[in-house]
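Predicted model only: the values in this text are computed from it and were never measured.
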Amino acid sequence: QVQLVESGGGLVQAGGSLRLSCAASGSISSINNMGWYRQAPGKQRELVSTITSGGLTNYADSTKGRFTISRDNAKNTVYLQMSSLKPEDTAVYFCVADVKETRGYLYYRRWGQGTQVTVSS
């Protein structure tokens, strides 16, 4: 079993910053891509950012220049530093990781349970 546990969400004023963390644990052989998605009320889940095991990053246009994704491969952890937050960033943020388990041969996408980020105006 593999678990992804997010932390770091909360309430912040517009213009403020938050740092999300997501640690993967369990019977992990290796992790390929990691990243973050978000879902606002009444909207579809959308990509925020991803990072490969080699450190290549990808960002949604709405977050470029404000959010920074990073990871610590030794800790199986991905981070999302969010700055210049806007009310429209309010959403539940979900961590994802493409994981190969110790008894497996393929990578499967695992999801965290989500953490709420609320940005007040």
Side-chain angles (χ1 to χ4, degrees):
Q1 291 286 348
V2 174
Q3 287 187 324
L4 272 61
V5 178
E6 299 112 331
S7 60
L11 174 64
V12 65
Q13 288 188 333
S17 299
L18 280 176
R19 188 192 194 210
L20 305 183
S21 300
C22 172
S25 63
S27 53
I28 297 171
S29 174
S30 65
I31 300 177
N32 194 357
N33 298 330
M34 302 185 81
W36 296 89
Y37 283 72
R38 68 186 181 186
Q39 188 167 18
K43 295 187 177 181
Q44 289 188 331
R45 193 171 296 189
E46 63 176 3
L47 172 72
V48 175
S49 181
T50 59
I51 184 168
T52 68
S53 57
L56 296 177
T57 59
N58 178 53
Y59 295 93
D61 288 342
S62 60
T63 65
K64 285 180 181 177
R66 300 189 299 122
F67 291 8
T68 302
I69 191 170
S70 60
R71 65 189 281 176
D72 185 332
N73 291 331
K75 296 181 179 180
N76 291 333
T77 299
V78 63
Y79 306 95
L80 186 69
Q81 178 67 47
M82 304 184 292
S83 302
S84 301
L85 283 162
K86 305 175 182 180
E88 51 263 44
D89 294 317
T90 296
V92 178
Y93 284 69
F94 297 90
C95 168
V96 297
D98 296 332
V99 179
K100 182 168 68 174
E101 298 190 24
T102 52
R103 296 184 181 182
Y105 298 94
L106 300 176
Y107 286 89
Y108 291 95
R109 174 147 293 187
R110 306 298 184 186
W111 291 80
Q113 80 286 355
T115 185
Q116 177 70 45
V117 172
T118 303
V119 184
S120 63
S121 57

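In this structure, the separation between CG on Leu80 and OG1 on Thr115 is 11.0 Å, given to the nearest 0.5 Å. Rounded to the nearest 0.5 Å, atoms CZ (Arg103) and OG (Ser27) are 8.0 Å apart. The OG atom of Ser7 sits 9.0 Å away from the CZ atom of Arg19 when rounded to the nearest 0.5 Å. Within the model, atoms SG of Cys22 and CH2 of Trp111 stand 11.0 Å from one another, a figure rounded to the nearest 0.5 Å. Distance check: Asp72 CG to Met34 CE gives 10.0 Å after rounding to the nearest 0.5 Å. Note that the OG atom of Ser21 and the CZ atom of Arg71 stand 14.0 Å from one another [nearest 0.5 Å].
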In residues 87-96, what donor-acceptor pairs under 3.5 Å come from side-chain atoms, sequence neighbours left out?
{"unit_1": "Asp89", "atom_1": "OD1", "unit_2": "Arg38", "atom_2": "NH1", "d": "3.0"}
{"unit_1": "Asp89", "atom_1": "OD1", "unit_2": "Arg66", "atom_2": "NH2", "d": "3.0"}
{"unit_1": "Asp89", "atom_1": "OD2", "unit_2": "Arg66", "atom_2": "NH1", "d": "2.7"}
{"unit_1": "Asp89", "atom_1": "OD2", "unit_2": "Arg66", "atom_2": "NH2", "d": "3.4"}
{"unit_1": "Asp89", "atom_1": "OD2", "unit_2": "Lys86", "atom_2": "N", "d": "2.8"}
{"unit_1": "Thr90", "atom_1": "OG1", "unit_2": "Pro87", "atom_2": "O", "d": "2.9"}
{"unit_1": "Thr90", "atom_1": "OG1", "unit_2": "Val119", "atom_2": "N", "d": "2.9"}
{"unit_1": "Thr90", "atom_1": "OG1", "unit_2": "Val119", "atom_2": "O", "d": "3.4"}
{"unit_1": "Tyr93", "atom_1": "OH", "unit_2": "Arg38", "atom_2": "NH1", "d": "2.9"}
{"unit_1": "Tyr93", "atom_1": "OH", "unit_2": "Asp89", "atom_2": "O", "d": "2.6"}

*Could you go step by step and tell me if Ser30 and Tyr107 meet the side chain to side chain donor-acceptor pair (under 3.5 Å) rule?*
CA-CA 9 Å; Ser30 65; Tyr107 286 89; 2.7 Å; yes
*What do the steps show when you test Val78 against Ile31 for side chain to side chain contact (heavy atoms under 4.5 Å, CB included), and what is the final call?*
CA-CA 11 Å; Val78 63; Ile31 300 177; over 6 Å; no
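In this structure a side-chain-to-backbone donor-acceptor pair under 3.5 Å is missing from Ser53 to Asn32. Glu6 places a side-chain N or O within donor-acceptor distance of the main-chain N or O of Gly114, the cut-off being under 3.5 Å. Judged by distance alone, with hydrogens and angles left aside, the side-chain atoms of Tyr59 form a donor-acceptor pair with the main-chain N or O of Ile69 at under 3.5 Å.
Under a hydrophobic clustering in which Ile, Leu, Val, Met, Phe, Trp and Tyr are joined whenever their side-chain heavy atoms come within less than 4.5 Å, directly or via other members, Tyr37 and Leu20 fall into different clusters. Under the 4.5 Å side-chain heavy-atom criterion for grouping Ile, Leu, Val, Met, Phe, Trp and Tyr, Ile51 is connected to Leu18 within one hydrophobic cluster.
Counting heavy atoms of neighbouring residues, nucleotides and ligands inside a 6.0 Å radius, atom CD of Gln3 does not exceed 12 of them.
Partners of Lys43 by salt bridge (charged side-chain N to carboxylate O under 4.0 Å, His left out), not counting sequence neighbours: none found.
Using a 4.5 Å heavy-atom cutoff, the side chains of Trp36 and Met82 are not in contact.
Screening residues 108-121 for salt bridge (Lys or Arg N to Asp or Glu O under 4.0 Å) gives Asp98-Arg109, Glu101-Arg110 as the qualifying pairs, with residues at least two apart or on separate chains.
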